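Not measured: the values here are computed from a predicted model. In what follows, every chain begins at residue 1, and chains take the letters A, B, ... in the order their sequences are listed.
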There are 2 protein chains.
Amino acid sequence: MVQQAAAGLRQRKKQRTRDELLQAAQQLFLRQGYARTTVDEITAAVDVSQRTFFRYFANKEQVALALMADGADDLIHYLRARPSGENPLQALRAATRETWDARGVPEQEGATANAALEIFQLVESTPTLLAAHLHRLAEQQQMIAAVVAEREGVDPVTDLRPRLLAAVFSAVARTAQHEWTAAAGRGVAGEDFFRVLERHLDQLGPALTADWR
Amino acid sequence: MVQQAAAGLRQRKKQRTRDELLQAAQQLFLRQGYARTTVDEITAAVDVSQRTFFRYFANKEQVALALMADGADDLIHYLRARPSGENPLQALRAATRETWDARGVPEQEGATANAALEIFQLVESTPTLLAAHLHRLAEQQQMIAAVVAEREGVDPVTDLRPRLLAAVFSAVARTAQHEWTAAAGRGVAGEDFFRVLERHLDQLGPALTADWR
DNA sequence: TTGCCAAGTGTCAGCGACTGCCACTATTGT
DNA sequence: ACAATAGTGGCAGTCGCTGACACTTGGCAA
């Protein structure tokens, strides 16, 4: 996952301006908020033209979304690799854990980790960004459904289960993420995201079946 | 639900231009697509200024969303009215059925019903609109969670179940809606939305627990 | 009725996101 | 060294959206 050949100069240059744009955007967004940051400000900070900006990102939202660690591709990959003995929900849970573990390393710089959290909160609190984010999640959900259907060898058109499972899992994951972001914001620091997710998954059964009292 | 006093002339006039804007927007959106329709075109059709348009709708997306029968407020209302003996999931299911039944009547004009479907498909196929729609659903989901928590008398902050239930139910409902829209588009006409939703809810257990084979 | 207040509208001026177009510069393979 | 090609900059223009202000019109009381 996440590998890069140190190819030609052209490639590297491109990668560099892209990174610079991202970094400049991050600084400005976190300092002034998303809406109050113009594309011109971002490009000025990196000293490229506005036109160039829109060659790297389809729109302003995409810069912000690109700042969030995504991991969806990784998830798909890990999910494909899970042993076929597991039932789908187990496989999803395990793949998520692997995805999470795999990226812990470069995240320890403190300042970086903190910025990551702030970005989550920024997205969560900016309607347009949240909308775009939800849209992206919906797309990822479809991919998950497809992989699950393939894994289990069921017809993805007829059988509702893959889509339902993907939908429910995504919903739970998103709820957990929401919760985690909020908690981390309140200084209730430390709890691992995956731990939060597990707590949510554990409550899934009770929430659906039992009488609550 | 949905009641209107035939109040002063001022009120009626306002309602009228709002309706006209909606209708004009609907026509244009369905004819030319969302992106290729400008706000100026809409206002020209109704003969009001662009400025007025934005006094009625916060942005272009909102007109489109307003064209979709919403029913969220109704759902909340019905949900509150459900007998407290029911467990939450049952209550949600029943409230949804009531919401659905309550609006069947004025929808039979054929042409209207067909346009409604087309709007769903328009939203589904237009990224910005879909994003906005998902965002709205997320807000409604929060309201559902709040009502459920209140209904069951549990702490909405500590207890994860209300939010999880709302999230899962919304996810299933959305999946069903997606399915329904697609099916209706393929001419596999006739199946009641609520029927589709029930099929999905029935598959929820199997999708989560069982080994799929 | 008259006259006042407030609600609703139009106009205008302007910002910011985004696109198409074309000329220019810099890398790459030969 | 040269040509093909990828990437950038600048410009002109469209569209969504907003603030400010002047104007019209419906609601209401004297």
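If you take CD of E61(A) and C1' of dC18(C), they are 12 Å apart, rounded to a whole angstrom. With rounding to whole Å, K60(A) atom NZ is found 13 Å from dC17(D) atom C1'. Taking atom CZ of residue R12(A) and atom P of nucleotide dA6(D), one finds them 19 Å apart after rounding to whole Å. The distance between atom CD of Q15(B) and atom P of dA7(C), rounded to the nearest whole Å, is 18 Å. Atoms CG (N59(A)) and P (dC15(D)) sit 19 Å apart, rounded to a whole Å. dC11(D) atom C1' lies 14 Å from atom CG of D40(A), rounded to whole Å. Remark: C1' of dC11(D) and CZ of F54(A) are 15 Å apart, rounded to the nearest angstrom. Straight-line distance from the CG atom of D47(A) to the P atom of dT8(D): 13 Å, rounded to whole Å.
Side-chain proximity of Y56(A) to the nucleotides dG10(C), dG7(D), dT18(D) is greatest for dG7(D). In this structure, of dT9(C), dT27(C), dG8(C), it is dG8(C) that holds the atom nearest to the side chain of R10(B).
In summary, the side chains of T99(B) and T96(B) do not present any donor paired with an acceptor at a separation below 3.5 Å, with no hydrogens or angles considered.
Residue S49(B) is classed as a base contact, given a heavy-atom separation below 4.0 Å to a base. At a threshold of 4.0 angstrom between heavy atoms, the contacts of T37(B) are confined to the sugar-phosphate backbone, with no base atom among them.
You'll find a donor-acceptor pair under 3.5 Å spanning the side chain of R55(B) and the base of dG10(C), going by distance alone. You'll find a donor-acceptor pair under 3.5 Å spanning the side chain of R51(B) and the base of dG19(D), going by distance alone.
More than 12 non-hydrogen atoms from other residues, nucleotides or ligands lie less than 6.0 angstrom from CZ of R199(B).
Note on T52(A): a side-chain N or O is less than 4.0 Å away from OP1 or OP2 of dG9(D). Distances shown here put every side-chain N or O of K14(A) at or beyond 4.0 Å from the OP1 or OP2 atom of dA6(D).
When each of K13(B) and Q50(B) is assigned the nucleotide of DNA chain D bearing its nearest heavy atom, the one mapping closer to the 5' terminus is Q50(B). Checking A58(A) against Q11(B), the closest nucleotide of DNA chain C that is more toward the 5' end is the one next to Q11(B).
Using a cut-off of 4.0 Å between Lys/Arg side-chain N and Asp/Glu carboxylate O, R161(A) and E152(A) are scored as not salt-bridged.
Annotation: cation-pi pair R97(A)/F194(A) present, NZ/CZ under 6.0 Å from the ring centroid and within 45° of its normal.
Between atom OG1 of residue T181(A) and atom CD of residue E118(A) there is a gap of 12.5 Å, rounded to the nearest 0.5 Å.
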